Amino acid sequence: MESWRLNKKLFASVAALPISWLLFFFIVPLGIVWLYSFGRNAGLTEVEFSGTFANYLRAVEPLYLEIFGKSVVVAALTTVLCLVIGFPVALAIVFAPEKWRPYLLLLVMLPFWTNLLIRTYALIAVLRTEGYANTVMSWGWAGASGLKTLVGLEPLPAWEPLELLYNNFAVVVGLVYVHLPFMVLPLYAALDKMDKSLIEASLDLGASHWRTINRVVVPLASAGIWSGIVITFIPALGAYLTPDLLGGTDSQMIANVIERQFKRANDWPFGAALSFILMYATFILVAIQSMRSKEGSAR
Amino acid sequence: MARRAIAPLEYTRRLWMRLWVAAVLAFLYIPLIALIIFSFNDSKRNIEWKGFTLKYYEKAFENSSLMEALFNSLTIAFFATVLSVILGALTAILLWRFRFTGKAGLEGTMTMPIVVPEICMGVAMLIFFNGIGWPQNLPWPFSLSQIIIAHSTFCFPFVAMVVRARLASFNRQQEEAAKDLGATEIQAFRDVLLPHIKPGLIAGALLAFTLSLDDFVITFFTSGPETVTFPIKVYAMVRFSVTPEVNAVSTLLIILTIILTAIAMKLQNAAALGASPK
C-alpha cells in the first residue's frame, strides 16, 4: 500500500469517479431525505423545511408505534425460525462428504438468486385457498375420512380449506422462505472454520450430542450466529413485498406505511421521518454487530 | 455392500439430519418446481393437471407489454452492470492500493448501500430525482437513466467486495517488475493487474446483473409512470390473479438465473483455485 501523496494524479484518477458517485447518488439523496424528515407539507408538491420535529412526534403515536412493534416482532420471529431451521442445515453441509458440499451449498443458494417476486408468487400459488397446500391437506382429510368409514365410524365432516394466505401467518412463512439462505450462509461459514477436534474431544469425554452442540458448537460459532441474525433481521424488518403481497389488511409493516406516505397519502416529510427511523434502527444493529465482531477478533 | 458404522461427526449420515435437510430443501423448492410444472399445464386454473402445452409461453411472448418490460429490465441490468463493474473495480483498487485520510470512512460509506433497507434507498432516490428535477419523458434508453443510476448505486459495492477479495491474492512484485521493464502505469494495469482481477470482474458483473434484474422495491420508487420493468409488470399481474402466463415468464427468468449462477460459480471456483498457493 502506498500513500496517496506519492502519485497524486493516479490517486485522483482512480478515486474521482467512485467517490463522486457515492457522494452524488447516495449521500446527497439520503441527506435530502434527512432534510425532508424535518419539513412540512406546504401545498400539494411544495415542502417547507421548517426544522420541525412534528414528523418524528407523529411517528411515536400509538398507531405507528404499534406498526413498528409489530414489524420488530415479525422480523424477530422470522429470524428465530430461520435460525432454528437453518442451523441443522448448516451443520449438515459442514459435515457432509467433501464432494457433496458445493452442491448442497448451491441448492441453498439458488432460491436466493431467484427473483424475489417470482418466489413470492410461487408461494401465493402454494398458500391460497385453492392452492397446493390446501389440496394436499384435503386429500389427507379425505383419506382419513375414508379410513374411518372403513372401520365403521362416522366419516369426518367435509374439508374446510384453511385460510393460509393474506394474514400474518403467510407473512412469516414468506419472510422465512425468502431469508433462509441469508441465515444458512454465515452459519455455514462459521461452522466450517471451527476446529472439529473440539467436538470429538467433547464427545470422547462423554458429553451427549445435544450437550456438545449446546456447550461447544454454539459458543464457538457465536460470531457466525450473530452475523446471521443481523443479516436476516435487517432485511426482514424493512420487508415491503412480502407483507404487501402475502399479508392481509392487518399485516402492514413499516415499509408498507412508508410506501403509502409516498404513493397514496402523499405526505413525503412524514414518510422521510419514518424511513430515517428505520435507517437508524439498521445502523444501530450494524454498529452493535461490528463492535461484537471486533471484540471477537481481538480476543 | 457393507456399510460403515456412522462415525460421531458424520452428522450428515444420521437419519433425522437427512430428513431435516430434505424437508428444508422441499420447502425451498416445491413452490418453485410447482410454478415451473404448471407453466406447462393446459388449464387456466393452476391446480389440476390437464395436459402438456406451450401455449402460455406463446401467449407470454405475444404479450407485448410484458416483453417490453422484460427488455427494459435487461437493458437496465446491462447498463447498471457496466457502471457497477467500473465503479466497483475502481473502488476496490483505490482501497487496496492507497493509504489516505478518510479511508475508513469511505469503506464504511461504501458498505452502506448494502445494508440500508431497500425501501429507504427507494425513497431517497425518489426524492432526489424529483428534487433536482431530473428530466422526464426522455427518449427510450435515457428514460431508464434514473433506474440505472439507482441500481448502479446499490450494485457496485458488491462488485467492489468481490474484486477486493481477488486483489488480495495479487503479487505486487509482478506489477513492479512490469514497470521496471518499462511499462507505463496504464500498460501495467492493462497487461498485469487487469488479467489477474478478471475472474473477479466477471463474477462481480454477474452478481450485479442478477441484483439489478431482481430489484423491485427501488425500481418501484424510481421508475416514472411510463417505464415498466419486468418485476413491476409481474407485480401488477400478480395483484390481479395467478395465471399460467406469469408462470411461463417466471420459468424463463428462473432458467436465466440458473445459467448465470452456474457461470458465476464456475468462475469463482476457478478464481479460488488460482488464488491458492499451488
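Letters A, B, ... are given to chains in the order of the sequence lines, protein chains preceding strands, and every chain is numbered from 1. Remember, predicted model here, so these are calculated numbers, not experimental data.
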Nearest 0.5 Å, what's the [atom1]-[atom2] distance between [X] and [Y]?
{"X": "B:Ser84", "Y": "A:Trp21", "atom1": "OG", "atom2": "CH2", "result": "8.0 Å"}
{"X": "A:Ser37", "Y": "B:Ile127", "atom1": "OG", "atom2": "CD1", "result": "9.0 Å"}
{"X": "A:Phe25", "Y": "B:Leu83", "atom1": "CZ", "atom2": "CG", "result": "9.5 Å"}
{"X": "B:Phe100", "Y": "A:Ile19", "atom1": "CZ", "atom2": "CD1", "result": "5.5 Å"}
{"X": "B:Ile119", "Y": "A:Asn256", "atom1": "CD1", "atom2": "CG", "result": "7.5 Å"}
{"X": "B:Leu28", "Y": "A:Met109", "atom1": "CG", "atom2": "CE", "result": "12.5 Å"}

Quick one: of [options], who has the most non-hydrogen atom pairs under 4.5 Å with chain A?
{"options": "B:Val123, B:Ile30, B:Val116, B:Val21", "value": "B:Val123"}
{"options": "B:Ile36, B:Val246, B:Ile93, B:Leu25", "value": "B:Val246"}
{"options": "B:Ser152, B:Pro117, B:Gly131, B:Pro113", "value": "B:Pro113"}
{"options": "B:Arg239, B:Met121, B:Met125, B:Arg172", "value": "B:Arg239"}
{"options": "B:Thr153, B:Ile86, B:Leu211", "value": "B:Thr153"}
{"options": "B:Thr257, B:Ile149, B:Val24", "value": "B:Ile149"}

Picking from [options], which has the most non-hydrogen pairs under 4.5 angstrom with chain B?
{"options": "A:Val28, A:Val184, A:Val89", "result": "A:Val89"}
{"options": "A:Val230, A:Leu274, A:Ile231, A:Leu116", "result": "A:Leu116"}
{"options": "A:Leu123, A:Ile234, A:Leu278", "result": "A:Leu278"}
{"options": "A:Thr120, A:Leu117, A:Val286", "result": "A:Leu117"}
{"options": "A:Leu180, A:Asp244, A:Val176", "result": "A:Asp244"}

Quick one: what part of [X] sits under 4.5 Å from any heavy atom of chain B, side chain, backbone, both or neither?
{"X": "A:Phe24", "value": "backbone"}
{"X": "A:Ile258", "value": "side chain"}
{"X": "A:Ile124", "value": "side chain"}
{"X": "A:Pro88", "value": "both"}
{"X": "A:Glu259", "value": "both"}
{"X": "A:Leu127", "value": "neither"}

With the side chain counted from C-beta on, respond yes when [X] and [Y] share a heavy-atom pair under 4.5 Å apart, and no when they do not.
{"X": "B:Phe216", "Y": "A:Asn115", "result": "no"}
{"X": "B:Val234", "Y": "A:Ile118", "result": "no"}
{"X": "A:Ile85", "Y": "B:Phe27", "result": "no"}
{"X": "B:Leu94", "Y": "A:Phe11", "result": "yes"}
{"X": "B:Leu207", "Y": "A:Trp113", "result": "yes"}
{"X": "A:Val14", "Y": "B:Arg97", "result": "no"}
{"X": "B:Pro31", "Y": "A:Tyr177", "result": "yes"}
{"X": "A:Phe95", "Y": "B:Met17", "result": "no"}

Below 4.5 Å from any heavy atom of chain A, which atoms of [X] appear? Answer side chain, backbone, both or neither.
{"X": "B:Asp215", "answer": "neither"}
{"X": "B:Val217", "answer": "side chain"}
{"X": "B:Glu118", "answer": "neither"}
{"X": "B:Phe156", "answer": "side chain"}

Task: Working for side-chain contact (heavy atoms from CB on, under 4.5 Å), residues B:Leu106 and A:Leu22 - done: CA-CA 9 Å; B:Leu106 177 66; A:Leu22 259 183; 3.9 Å; yes
- [ ] Identify, with sequence neighbours excluded, every residue that meets side-chain contact (heavy atoms from CB on, under 4.5 Å) alongside A:Leu30.
- [x]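 For A:Leu30, the residues satisfying side-chain contact (heavy atoms from CB on, under 4.5 Å) (neighbours in sequence not counted) are A:Phe26, A:Met279, B:Met112, B:Ala124.
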Open item on the list: Counting neighbours of CZ on A:Phe283 that are heavy atoms of other residues, nucleotides or ligands and sit closer than 6.0 Å, is the number greater than 12?
Closed with: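 Yes, because the 6.0 Å sphere around CZ of A:Phe283 holds more than 12 heavy atoms from other groups.
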Task: Residue B:Trp96 excluded, over 12 heavy atoms near CH2 under 6.0 Å - done: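 Yes, CH2 of B:Trp96 has more than 12 neighbouring heavy atoms, counting only those of other groups under 6.0 Å.
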Open item on the list: For the backbone of A:Leu107 and the side chain of B:Tyr29, can you confirm whether one donor and one acceptor N or O come within less than 3.5 Å of each other?
Closed with: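 Present.
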TODO: Classify the ring geometry between B:Phe221 and A:Phe262 as parallel (under 30°), tilted (30 to 60°) or perpendicular (over 60°).
DONE: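 Plane angle over 60°, so perpendicular.
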- [ ] Mind listing the closest non-hydrogen atom pair of A:Thr114 and B:Asp214 along with its distance?
- [x]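 Smallest interatomic distance, heavy atoms only, reads O-OD1, 4.0 Å.
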